[in-house]
There are 2 protein chains.
Amino acid sequence: MMNAVNSFAPTEQRLAVTCRRHPAFPREPAVLVRLVKHLYKRLHDDANTLLKPWGINHPEYNLLMMLYGTEGYTLSPSQLAAAAGEKSANITRLTDELCDKGLIERTASDEDRRKIALTLTKAGVVVIKGFLPDVCALLERQTAGLQPREAAQLEKLLKKFLDHLEQA
Amino acid sequence: MMNAVNSFAPTEQRLAVTCRRHPAFPREPAVLVRLVKHLYKRLHDDANTLLKPWGINHPEYNLLMMLYGTEGYTLSPSQLAAAAGEKSANITRLTDELCDKGLIERTASDEDRRKIALTLTKAGVVVIKGFLPDVCALLERQTAGLQPREAAQLEKLLKKFLDHLEQA
DNA sequence: TGCATATTATACATAAATGTACTATATGTT
DNA sequence: AACATATAGTACATTTATGTATAATATGCA
C-alpha cells in the first residue's frame, strides 16, 4: 500500500484505473500531460505570490522580462506575444496595465504605421532590478531538486516535446 | 546565425540577453520554467480544440476523467480538486456546469453532512466513451516525437521536479 | 493606379480562474 | 453539555484569459 507523498499521486492512481477500464488509453502520454499541468500551476502560483508585493503578476513579469532581454528594451506587440507565450488579445490588456503603471510606453513606428513599439521605461528597468534578486532566488530554489545534469536532460526532453507538438 | 525553427527560440534568445545583463540570473531554471509554460499552453489549447465538439473544455474533461478513474465513479469536491489540480473555488463552478449538462450529479453524504459526493451519471460515462478514442489519438500524436525511453525519462524528471517544488 | 489580400493591433463580449468571506457541520477539550 | 477550533463546500466579487469582429495600414499584382 503506497502513501500519497505528493500531490500527483491521486492523479496517477486514477489514470491507472482509467487504463484498466479503457485499455487503449495511453498511460505515459496522459501522465506527461498531467505532470506538465501540475507543474505549470504550481510555478505560476509561486511566481504570483513572490511578485505580488511588487504590484505585478506572473504574465506581466513575463512581458517585462522579454523587453528587458531585448536590445533597446523594445518589441512590437506581436513579438512580445510570441516571446511571452501569450495570445495577442491578452497583450493589449496586459500592456495597457503596464502603461498605466508607467513601466512601459507605446510609440508608433515611422516605417510601418501599423506597428507599435513597446519600450521599457526607466521606471520599468528600476522595478525589474528591484525584484530580480528575489526572482533569481525563487528560480534557484524551485530547481534545487535537480542536479545540473538532470536539469540539462530535462531541458532537452522538454524542447523535443515542444518542437514535435508544434509541427504536428 | 540560428534560425527560429520553433516558438521557443525568441524566448530563449531573450533569456540569454537577460543573463548577460544580469549575471546572477539563472538561465537553466528560467528556461525550464518557460518551457513548462509554453508546453502547458499548447497542450491546453490542443485539448480544448479537440473537446469543443463534445461540448466540454479541458478542465471539465479533467474532472470527468478523474471520476472515471475512480471506483464507483465518485469523489468529494476536495478530492476532485486535488486529483484534477484545480482550486476549490473552481471546482464549484465547473461541477455546477457538469451538473447542468447532466454528466455528473451531487448527493449529500450521510456519514459527514459537510461532505458532498460527486458521481458520474450514465450519460457522463457515455460521453466519456464517446470522446475517449479521439483523446487517445491526440495523446499519442502529442507524444509521438518522444521515444518510449525518452518519455519514461521525462516522466521521471518531471516528477522529481514537482516533488521538490512541493516540499520547498 | 486600383483592387484583392495580408498584417497589426485593438475593442468588446464572453468564459475561466482566483481570492475572500461565509455557512454548515464536525471534532476535540474542558 | 458547552465552547472553541477545524474542515468542507460554496457564493460572490474580481481578475485574468480567450474568441471574434473590426479598423487601419501595408503589400502584391493585374
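Since we're looking at a predicted model, the values are computed, not measured. Each chain gets a letter, A, B and so on, in the order the sequences are listed, and its residues count up from 1.
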Subject >> Residue list, salt bridge (charged side-chain N to carboxylate O under 4.0 Å, His left out) with B:E97, at least two apart or on another chain >> reply: B:R93
**OP:** Go through the structure and list residues passing salt bridge (charged side-chain N to carboxylate O under 4.0 Å, His left out) with A:K101, not counting sequence neighbours.
**Re:** A:E60
**OP:** Mind running a 4.0 Å heavy-atom check of residues 79-95 of chain A against DNA chain C and sending the residues that fall below it, in number order?
**Re:** A:S88, A:T92
Original post:
Going by number, which of residues 48-59 of chain A have a non-hydrogen atom under 4.0 Å from DNA chain C?
Top reply: none
Rounding to an integer number of Å, can you tell me how far [X] [atom1] sits from [N] [atom2]?
X      : N      : atom1 : atom2 : answer
B:Y61  : C:dA16 : OH    : P     : 17 Å
B:L63  : C:dA17 : CG    : P     : 10 Å
A:D45  : D:dT15 : CG    : P     : 18 Å
A:H44  : C:dA17 : NE2   : C1'   : 9 Å
B:K115 : D:dT10 : NZ    : P     : 14 Å
A:E97  : C:dA11 : CD    : P     : 13 Å
A:Y40  : D:dT16 : OH    : C1'   : 10 Å
A:R42  : C:dA17 : CZ    : P     : 19 Å

Would a distance-only check, ignoring hydrogens and angles, find a side-chain to backbone donor-acceptor pair under 3.5 Å from [X] to [Y]?
X      : Y      : answer
B:R34  : B:T11  : no
B:E105 : B:L120 : no
A:R106 : A:C99  : no

Which residues satisfy the side chain to side chain donor-acceptor pair (under 3.5 Å) test with [X], sequence neighbours excluded?
X      : result
B:E150 : A:K160
A:K41  : B:E86
A:S78  : A:S76

Subject >> Pairs touching residues 13-31 of chain B that satisfy salt bridge (Lys or Arg N to Asp or Glu O under 4.0 Å), sequence neighbours left out >> reply: A:E71-B:R20, A:E71-B:R21, A:E155-B:R27, B:E12-B:R27
Original post:
Measuring from B:I56:CD1 to B:L51:CG, what's the distance to the nearest 0.5 Å?
Top reply: 5.0 Å
**OP:** First locate atom CG of B:L67, then atom CG of B:L75, and finally report the distance between them rounded to the nearest 0.5 Å.
**Re:** 5.0 Å
Original post:
Between the side chains of B:N57 and B:N48, is a donor N or O closer than 3.5 angstrom to an acceptor N or O?
Top reply: no
**OP:** Could you note down all residue pairs passing side chain to side chain donor-acceptor pair (under 3.5 Å) where residues 112-124 of chain B supplies at least one of them, sequence neighbours left out?
**Re:** B:T74-B:T119, B:D112-B:R114
Original post:
Is B:R106 near enough to D:dG9 that one of its side-chain N or O atoms lies under 4.0 angstrom from OP1 or OP2?
Top reply: no
With a cut-off of 3.5 Å and sequence neighbours excluded, list every side-chain donor-acceptor pair involving residues 129-145 of chain B.
residue, atom, partner, partner atom, Å
B:Q142, NE2, B:D46, OD2, 3.3
B:T143, OG1, B:L139, O, 2.9
B:T143, OG1, B:E140, O, 3.4

Original post:
Heavy-atom contacts under 4.0 Å between residues 70-78 of chain B and DNA chain D, which residues?
Top reply: B:S76, B:P77, B:S78
Which atom pairs link the protein and nucleotides 25-28 of chain D when you take only N or O atoms and keep those under 3.5 Å?
residue, atom, partner, partner atom, Å
D:dA26, OP1, A:R113, N, 2.9
D:dA26, O4', A:R114, NE, 3.4

